[in-house]
Peer 1: 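So that we are looking at the same thing, I have put the structure below in structure tokens.
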Protein chains: 2
Amino acid sequence: MKQVLLVEDDERLSSLICQYLTENDFIVHRLSSGENLLQHVQTSPPDILLLDVMLPGENGFSLCQKVRPYYPGPLLFMTAKNDDFDQVFGLEIGADDYIIKPVEPRVLLARINALLRRNTDSVASNNSLQRLQYGQLTIDRSTRSAHLKGEDVQLTSHEFDMLWKLAENPSVLVDRTTLYREVIGREYDGLDRSADVRISRLRKKLQDNSQHPYRIKTIWGKGFFFVADAWDD
Amino acid sequence: MKQVLLVEDDERLSSLICQYLTENDFIVHRLSSGENLLQHVQTSPPDILLLDVMLPGENGFSLCQKVRPYYPGPLLFMTAKNDDFDQVFGLEIGADDYIIKPVEPRVLLARINALLRRNTDSVASNNSLQRLQYGQLTIDRSTRSAHLKGEDVQLTSHEFDMLWKLAENPSVLVDRTTLYREVIGREYDGLDRSADVRISRLRKKLQDNSQHPYRIKTIWGKGFFFVADAWDD
DNA sequence: GTCATAGGGTTACAATTATTCACAATTAGA
DNA sequence: TCTAATTGTGAATAATTGTAACCCTATGAC
């Protein structure tokens, strides 16, 4: 659940927004002025910051400039003043969006989601090929973790490397020579069995049955391959 | 210079926008319908895409859905129709902003810049970043302090250096040699355990479980890496 | 079909590497 | 200087991985 920090002095509007966002699975923290904003942002940073422009004491623009060095996430201004100059100014000092009141809750929500989507996208887009999903099995390279039927599968480093090598190209044979060279990191001498041992341990953790494996299959005398769609029991 | 792709059938508005953006150091490409949009985006992807909603032939929403799989960058809708439902819909199908006509050129420019800033920020400037935020964990280089779940985490100087080194490139392996050379300040002799001890102390303070760590993970025989997403276990 | 054989699956245990603890050494502050 | 906090050291413990042995199964010759 994403955390929203709302700074708004109009109690009626604040509680309206709070209610609507809470209904839509956000955790909302409310401040009625910018007094403790900096401290709040530093100790429990929100996922998105909603700032009213006209506030008692320090105004939203000034707060934005103060808080920006400590808060890199999305920041959204709300204001009753429909003034192009202010809008341009707000965006230029580092806001990501600028909404003119009256705020329609559905629109606010859509804009919040658009900002959050973009923000998590950019983190995720570096790892475009970082996550594989096959039925109930998920393999995430950025965290080097695997999940099966919603449960965390505790794989060791080498087990994970082996699984990734096989799973990144489902149905494609990975022969012993390749496996040793690219995963184990040495040449295959024709006698070494450590790849087999790794496969064996992997199968066990993936709840695969070696007599009738469905995830990692063996091609006798050649190597192994990963099966993408498996019918889970 | 950034490239803008503008899809707008109103010739007067299109040339007005084109002129204003060109004056402000953009390269503008214009299309008067969505006919060749997909091809254009694939052959010369713009830095930002401006889409009119009401277009001859295929409308902007439909174009957005078609083009999104091939264009991950910022996308902005412009429309004369001031309808909340449309706005919400546009944002939900993947737009980053939605502007109601009449379009004020200065406002359009400010919004374009806000989107581009956000887009390049997250990718490019991690080396100049003073503050990292991963879920409930923030790490602030300017004050050399870290916060977890709103609480101050008391890190020693070396613990902070180690955490920063790992966290500035999440999911990237930092091997022992690098760790000793760049954080501890001496060469790794193959026996020294002080990096492990620091990691161990760090994990404890980050409330990480070394049996099943989620923040700082070990790659056996190689080194360590930092995990950005906290929702793992 | 039987059999011999080559290769794969599994296991116990050894080797390697990581984690942690108590305490020693070092450093920073008063 | 003294004191407290920080950091390193070495040893005990735990986890991971490789090795060698055993057994099993697929394959092909007969």
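Values below: every heavy atom of this structure, side chains too, minus hydrogens, waters and symmetry copies. Sequence lines set the chain letters: A, B, ... in the order given, protein chains first and strands last, and positions in each chain run from 1.
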Peer 1: B:I199 has an atom CD1; how far is it from atom C1' of D:dT7, in whole Å?
Peer 2: 15 Å
Peer 1: Think B:S200 has a side-chain N or O under 4.0 angstrom from the OP1 or OP2 of C:dT20?
Peer 2: yes
Peer 1: Cut-off 3.5 Å, side chains only: do A:S142 and A:R131 have a donor facing an acceptor?
Peer 2: no
Peer 1: Main chain of B:A114, side chain of A:D96: is a donor-acceptor contact present, judged purely on distance under 3.5 Å?
Peer 2: no
Peer 1: Distance-only, no hydrogens or angles: does the A:K205 side chain make a donor-acceptor pair with backbone N or O of A:Q154 under 3.5 Å?
Peer 2: yes
Peer 1: If I take atom CG in residue A:L191 and atom P in nucleotide D:dG18, what distance separates them, rounded to the nearest angstrom?
Peer 2: 16 Å
Peer 1: Taking atom P of C:dC21 as reference, at what distance in whole Å does atom CG of B:D196 sit?
Peer 2: 14 Å
Peer 1: Are B:T218 and C:dT19 close enough that a side-chain N or O sits under 4.0 Å from OP1 or OP2?
Peer 2: yes
Peer 1: Between atom CZ in B:R176 and atom P in C:dT17, what is the gap in whole Å?
Peer 2: 10 Å
Peer 1: At under 4.0 Å between heavy atoms, which parts of nucleotides 24-30 of chain C does protein reach? Answer with one letter per nucleotide, 5' to 3': B base, S sugar-phosphate only, - none.
Peer 2: -------
Peer 1: Please confirm whether the shortest side-chain N or O distance from B:K204 to OP1 or OP2 of C:dC21 is below 4.0 Å.
Peer 2: yes
Peer 1: To 10°, what angle do the rotation axes through the five end pairs on each side of the helix from C:dG1-D:dC30 to C:dA30-D:dT1 form?
Peer 2: 30°
Peer 1: Expressed in angstrom and rounded to an integer, what is the separation of A:D208 atom CG from C:dG9 atom C1'?
Peer 2: 13 Å
Peer 1: Atom CD of residue position A:E151 - does it have more than 12 heavy atoms of other residues, nucleotides or ligands inside 6.0 Å?
Peer 2: no
Peer 1: Got a donor-acceptor contact below 3.5 angstrom from the B:Y134 side chain to the B:F226 backbone?
Peer 2: no
Peer 1: Hey, what's the ring geometry for A:F61 with A:F77, parallel, tilted or perpendicular (30° and 60° as the breaks)?
Peer 2: perpendicular
Peer 1: A side-chain contact here means heavy atoms from C-beta on lying under 4.5 Å apart; do A:R176 and A:F224 qualify?
Peer 2: yes
Peer 1: Please report the distance, rounded to the nearest Å, between CZ in A:R198 and C1' in C:dT10.
Peer 2: 16 Å
Peer 1: Is the shortest heavy-atom distance from the side chain of A:N113 to the side chain of A:N24 under 4.5 Å?
Peer 2: no
Peer 1: Are the side chain of A:Y98 and the backbone of A:F89 linked by a donor-acceptor contact shorter than 3.5 Å?
Peer 2: no
Peer 1: Check the phosphate of D:dA5 against B:T156, side-chain N and O only, distance under 4.0 Å to OP1 or OP2. Yes or no?
Peer 2: no
Peer 1: How about B:R111 and A:Q87: does a side-chain donor come under 3.5 Å of a side-chain acceptor?
Peer 2: yes
Peer 1: A:F224 near the nucleic acid: base, sugar-phosphate alone, or nothing, with a heavy-atom cut-off under 4.0 Å?
Peer 2: sugar-phosphate
Peer 1: Should A:V227 and A:K217 count as side-chain neighbours, where that means a heavy-atom distance under 4.5 Å?
Peer 2: yes
Peer 1: Looking only at atom types and distance, does a side-chain atom of B:R203 sit under 3.5 Å from a main-chain N or O of B:L206, one as donor and one as acceptor?
Peer 2: no
Peer 1: Mind calculating the distance between CD (A:Q154) and P (D:dT16) to the nearest angstrom?
Peer 2: 8 Å
Peer 1: Could you tell me the separation between the NZ atom of A:K222 and the P atom of C:dG7, rounded to a whole number of Å?
Peer 2: 12 Å
Peer 1: Across nucleotides 19-30 of chain D, 5' to 3', mark each nucleotide with B, S or - according to how protein heavy atoms within less than 4.0 Å reach it.
Peer 2: BBB----BS---
